[in-house]
Amino acid sequence: MNSSKYREILTLFETLDIKTKGYMKDYFKNAPEWVYDSCSVIALDKNDIFITENSKVQNVHLLVEGFVKATDFRIQGAIYNFMWFQPVIAFGALEVLLGETTYKTTLMASTPCKMIKMPKVVYEKWVREDVNALFIESANTASHLMNQSRRERVYLFMQAVDRLAYFMINYYDQFEIDGVCQVGLTRQDLSDCTGVSSKTITRSLANLMEKGCVGKKGNKIIIGPEQYYKLSQYISDIVD
């Protein structure tokens with residue numbers, strides 16, 4: 001394979017972190033040249049919406065860098081960010097596998113992102129012919145759905161402060177760097193993500209800070225290893 005698109009995609013792989021690079025190389029290891037030739041590398045800025053609920057499925061977006069949130073604008077007239085995603089995930093792949101013609105949620109970049117975009121017709125043809133790619137995609141999609149389902153079940157029975165603690169643990173797992181996570185979200189963001197009011201978020205944050213479950217640096221919430229351990233202990237009786 002010597003096409004410019006093939007070289008562009010392989011060059012992109014080399015810029016990714018070790019885990020993501022390994023996943024992508026395994027995912028694409030049997031991909032024919034026409035798959036690479038259909039791909040384009042796109043960059044998104046924070047808050048860019050790249051998929052809108054009920055719009056026609058035209059492309060599959062493979063997230064390889066950055067973070068994305070799934071947003072529901074309909075719940076009691078409020079915004080609810082009900083799921084966060086990190087690499088690697090193929091947005092639109094589930095719709096293709098289920099034979100759906102429209103996207104089922106609105107997706108927005110929560111940080112600057114880099115993605116590989118592939119036309120739906122090409123992606124569908126590829127996974128029908130490539131058992132390796134189909135198996136990897138199916139396993140990854142099932143894992144995300146199981147995690148989402150578990151979180152929603154847990155949230156159903158949690159008080160506000162418990163929801164926030166559980167969210168902080170999941171946020172740390174996704175965003176920590178060298179054991180420390182700086183939560184770059186406003187109180188309104190936290191309200192959107194947990195489904196409770198911003199006033200309740202303020203009270204819940206104060207509660208968690210008093211317990212030593214989160215720290216503060218300027219206007220930023222900080223979670224280090226000690227805080228993460230305390231958060232885990234705090235909710236262990238609820239989620240176990």
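Along the sequence shown, residues are numbered consecutively beginning with 1.
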Does Y234 share a hydrophobic cluster with M209, counting links as ILVMFWY side-chain heavy atoms below 4.5 Å and allowing steps through other members?
-> yes
Looking just at side-chain N and O atoms, do K230 and S232 make a donor-acceptor pair shorter than 3.5 Å?
-> no
So, does D45 use its side chain to make a donor-acceptor pair with the main chain of D48 at under 3.5 Å?
-> no
Say you draw a straight line from CD1 of I116 to OG of S38; how long is it, rounded to the nearest 0.5 Å?
-> 10.0 Å
Can any side-chain N or O of T202 pair as donor or acceptor with the backbone N or O of S198 at less than 3.5 Å?
-> yes
Determine yes or no for a side-chain-to-main-chain donor-acceptor pair under 3.5 angstrom, with S138 supplying the side chain and F135 the backbone.
-> no
Is there a donor in the side chain of T20 and an acceptor in the side chain of D17, or the other way round, less than 3.5 Å apart?
-> yes
Will you find, in the side chains of R203 and T200, an N or O donor that is under 3.5 Å from an N or O acceptor?
-> yes
Verify the cluster assignment for V180 and I223: are they in a single hydrophobic cluster under the rule of side-chain heavy atoms below 4.5 Å apart?
-> no
Short question: side chain of E176, backbone of G179 - any donor-acceptor pair under 3.5 Å?
-> yes
Short side-chain donor-acceptor distance under 3.5 Å, N140 and S143 | no
For the pair S191 (side chain) and V196 (backbone), establish whether a donor and an acceptor sit closer than 3.5 Å, ignoring hydrogens and angles.
-> yes
Quick one: are the ring centres of Y103 and F91 less than 6.0 Å apart?
-> no
Identify whether Y229 and V183 are in the same connected component of the hydrophobic contact network (ILVMFWY, side-chain heavy atoms under 4.5 Å).
-> no
To the nearest 0.5 Å, how far apart are CG in N30 and CD1 in I136?
-> 8.5 Å
OG1 of T194 to CD1 of I201, rounded to nearest 0.5 Å, is 3.5 Å
Between K21 and E14, does at least one N-O distance fall below 4.0 Å, as a salt bridge requires?
-> yes
Ignoring hydrogens and angles, tell me if any N or O in the side chain of D26 forms a donor-acceptor pair with the backbone of Y23 under 3.5 Å.
-> no
Are S204 and N207 close enough, and set up right, to give a side chain to side chain donor-acceptor pair (under 3.5 Å), and what steps lead you there?
-> CA-CA 5 Å; S204 299; N207 189 314; over 6 Å; no
Side chain to side chain contact (heavy atoms under 4.5 Å, CB included) with R128: which residues, sequence neighbours excluded?
-> E124
Does W34 have K125 sitting over its ring (NZ/CZ under 6.0 Å from centre, angle to axis within 45°)?
-> yes
Does the side chain to side chain contact (heavy atoms under 4.5 Å, CB included) test come out yes or no for V57 and T101, once each step is laid out?
-> CA-CA 5 Å; V57 178; T101 58; 5.8 Å; no
Would you say K5's side chain and C39's backbone share a donor-acceptor pair under 3.5 angstrom?
-> yes
V121 and V127: same hydrophobic cluster, using ILVMFWY side-chain contacts below 4.5 Å?
-> yes
Would you list the pairs meeting ring-ring contact (aromatic ring centres under 6.0 Å, His included) in which at least one residue belongs to residues 205-226, sequence neighbours left out?
-> none
Would L190 and L205 count as a side chain to side chain contact (heavy atoms under 4.5 Å, CB included) if you check the C-alpha gap in whole Å, the side-chain angles of each, and the deciding distance to 0.1 Å?
-> CA-CA 10 Å; L190 293 172; L205 274 174; 4.2 Å; yes
So, the side chain of Y172 versus the backbone of Q227: is there a donor-acceptor pair under 3.5 Å, distance only?
-> no
Report the residues that fulfil side chain to side chain contact (heavy atoms under 4.5 Å, CB included) with E137, sequence neighbours left out, ordered by chain and then residue number.
-> Y27, A90, A93, L97, Y123, T141
Can you check whether E53's main-chain N or O pairs, donor with acceptor, with T106's side chain at less than 3.5 Å?
-> yes
Whether T111 side chain and F67 backbone form a donor-acceptor pair below 3.5 Å | yes
